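To start, the structure itself, in C-alpha cells.
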Protein chains: 2
Amino acid sequence: MSEWETRLAASGYRLTAARRAILQVLSESPVPLSPLEICRQGQARCTSLGPATVYRTLELLEKESLVRRVYQENGACAYLPALPGHRHAILCRSCGRAAEFPGSEDWESLAALVQQATGYRVEGHLLQLMGLCPDCQREEAK
Amino acid sequence: MSEWETRLAASGYRLTAARRAILQVLSESPVPLSPLEICRQGQARCTSLGPATVYRTLELLEKESLVRRVYQENGACAYLPALPGHRHAILCRSCGRAAEFPGSEDWESLAALVQQATGYRVEGHLLQLMGLCPDCQREEAK
DNA sequence: CTTCTTGCAAAGATTTTGCAGGATC
DNA sequence: GATCCTGCAAAATCTTTGCAAGAAG
C-alpha cells in the first residue's frame, strides 16, 4: 500500500480505480495537468473515467494535501502531486515543468510587516514562482 | 485626464466608453470582481457592454498593469484596480475585501534559495495572502 | 449489506471567436 | 478617413448536479 493509499484510507475514503488512475496519471506527468487533461489521460487506466469524477476527486485530494493546485500564466489552473510538508511550486515558463520547494520561515516577518501596513491579520498565503528550469536554461544558452 | 487615461493613451490605446465603465466599476467596488460581475455592473454606465469586451479589456488592462488579478479561495479569479509599483494583494476570507501591499526586497534571498534547491532560474512570482481584514477582526471578537 | 463512489447525461456557467457596424484619433 | 474597438451571436470549453447502478469495506 503506497503512501497516499494509506492516507486516504486513514481518512475514511475508499480506494477506487478512478482515484488510483488519477493519482497515477499525475505522478507520471512531467507537467501539471488540468482536470480535463487528467480525465483524458486517466481513461487509459480506467476506461469509464469521466470529468465529474475527476473534479470531485481533485477536490478531495486537495483537501487531503495529496495534490497541489497551481496557476499557469494564462490563469488556468492545473494540478501536481504534492510532496509532504509545507511547500510551494515553481513553474517553468518554457516547458511548464514544476518543482516544489519548502516554505521558509521568513514568512513570520513578512506577515508582521503586512499586518502593520494593511491591518489585516495574515492567515495564509498563495505563493508560486515562475522561472526557467535547468533544461530550458541550457536550451536558451544555445 | 486621469492617471490611467494618460497611461492607456500613451500606449496607443483608445479611450472608450467600455474601458471607462470597466475601470470605474472596479475602482468603486469594495471587493475584487469577476469578469461577468464587472460586465453586469458596467452596464449601468455603458448599456451595451458585453462579456466579450470585458474579457478583452481585462487582458489589456492587466498587461498595462492597471488591474491586478487575484485568485479567490474557490480558485475563481477576480480583478481589482492595481496601485502603481510592485505590489501584492491580501484578501479577507470573510468579506472578500482586498488590500495591496508593496513587495519586499527579501525576495532576492528567497529567489537565491529556491534557485539553489531546484535549479530553476527565478523570474517572477505570484504572491497573495489570505487573512482577516480589520472590520472582520472586530466582528469576530464579538 | 451499508455506505460511499462512479459515470452518465444534462444543465449551467464561463470564455473565445468572427465579423459587421461604430467610435476614436 | 484609417484603424481600432465594440457588441452580438454562436461556438467552444469548462464545471456542476441529480440520480441510478456499481464497488468497497
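Proteins come first, then strands; the chains are lettered A, B, ... in the order of their sequence lines, and each starts at number 1. All values reported here derive from a predicted model rather than from experimental measurement.
- For the helix from C:dC1-D:dG25 to C:dC25-D:dG1, the axis fitted to the five pairs at one end and the axis fitted to the five pairs at the other end meet at an angle of 50° (nearest 10 degrees).
- If you take CZ of A:Arg45 and P of C:dG7, they are 15 Å apart, rounded to a whole angstrom.
- A straight line from CZ of A:Arg14 to P of C:dC1 spans 16 Å, rounded to a whole angstrom.
- Closest to the side chain of B:Ala52, out of D:dG7, D:dT15, C:dT6, is D:dG7.
- No side-chain donor-acceptor contact under 3.5 Å links B:Arg97 to the backbone of B:Cys133.
- In this structure, CD of A:Gln72 is placed 12 Å from P of D:dC14, rounded to the nearest angstrom.
- If you check every strand for non-hydrogen atoms under 4.0 Å, A:Cys46 touches sugar and phosphate atoms only.
- When hydrophobic clusters are built by joining Ile, Leu, Val, Met, Phe, Trp and Tyr residues whose side-chain heavy atoms come closer than 4.5 Å, directly or via intermediates, A:Val67 is grouped together with A:Leu15.
- Comparing A:Leu49 and B:Arg56 along DNA chain C, the residue whose closest nucleotide (by nearest heavy atom) sits nearer the 5' end is A:Leu49.
- In this structure, the nucleotide among C:dT17, D:dT16, D:dA24 sitting nearest to the side chain of A:Tyr55 is D:dT16.
- The side chain of B:Arg19 contributes an N or O atom lying less than 4.0 Å from OP1 or OP2 of D:dC5.
- Just one residue in the list B:Leu129, B:Leu127, B:Leu132 forms a side-chain contact (heavy atoms from CB on, under 4.5 Å) with B:Ile90, and that residue is B:Leu129.
- Other members of the hydrophobic cluster containing A:Leu80, listed by chain and number, are A:Val70, A:Leu91, A:Met130; membership follows side-chain contacts under 4.5 Å among ILVMFWY residues, whether direct or relayed.
- Taking atom CZ of A:Arg20 as the reference point, atom C1' of D:dA24 lies 10 Å away to the nearest angstrom.
- Following rounding to the nearest Å, B:Asn74 (CG) and D:dT15 (C1') show an atom-to-atom distance of 12 Å.
- Each of B:Thr16 and B:Leu36 lies near DNA chain C, and the nucleotide nearest B:Leu36 is the one positioned closer to the 5' end.
- When the P atom of C:dT6 is taken as reference, atom CD1 of A:Ile22 falls 7 Å away, rounded to whole Å.
- Using a distance-only test at 3.5 Å, with no hydrogens or angles considered, a donor-acceptor pair links the side chain of B:Gln43 to the main chain of B:Leu49.
- Atom CG in B:Leu60 sits about 14 Å away from atom P in C:dT16, given to the nearest Å.
- Residue contacts for A:Ser48: at a heavy-atom cut-off of 4.0 Å it reaches the sugar-phosphate backbone alone, with no base atom in range.
- Distance, A:Tyr13 OH to C:dT6 P: 12 Å, rounded to whole Å.
- Here B:Arg19 does not pair with B:Glu5 in a salt bridge; the nearest charged N to carboxylate O distance is not below 4.0 Å.
- For B:Tyr71, the ring pair (Phe, Tyr, Trp, His ring centres under 6.0 Å) partners are A:Tyr71, not counting sequence neighbours.
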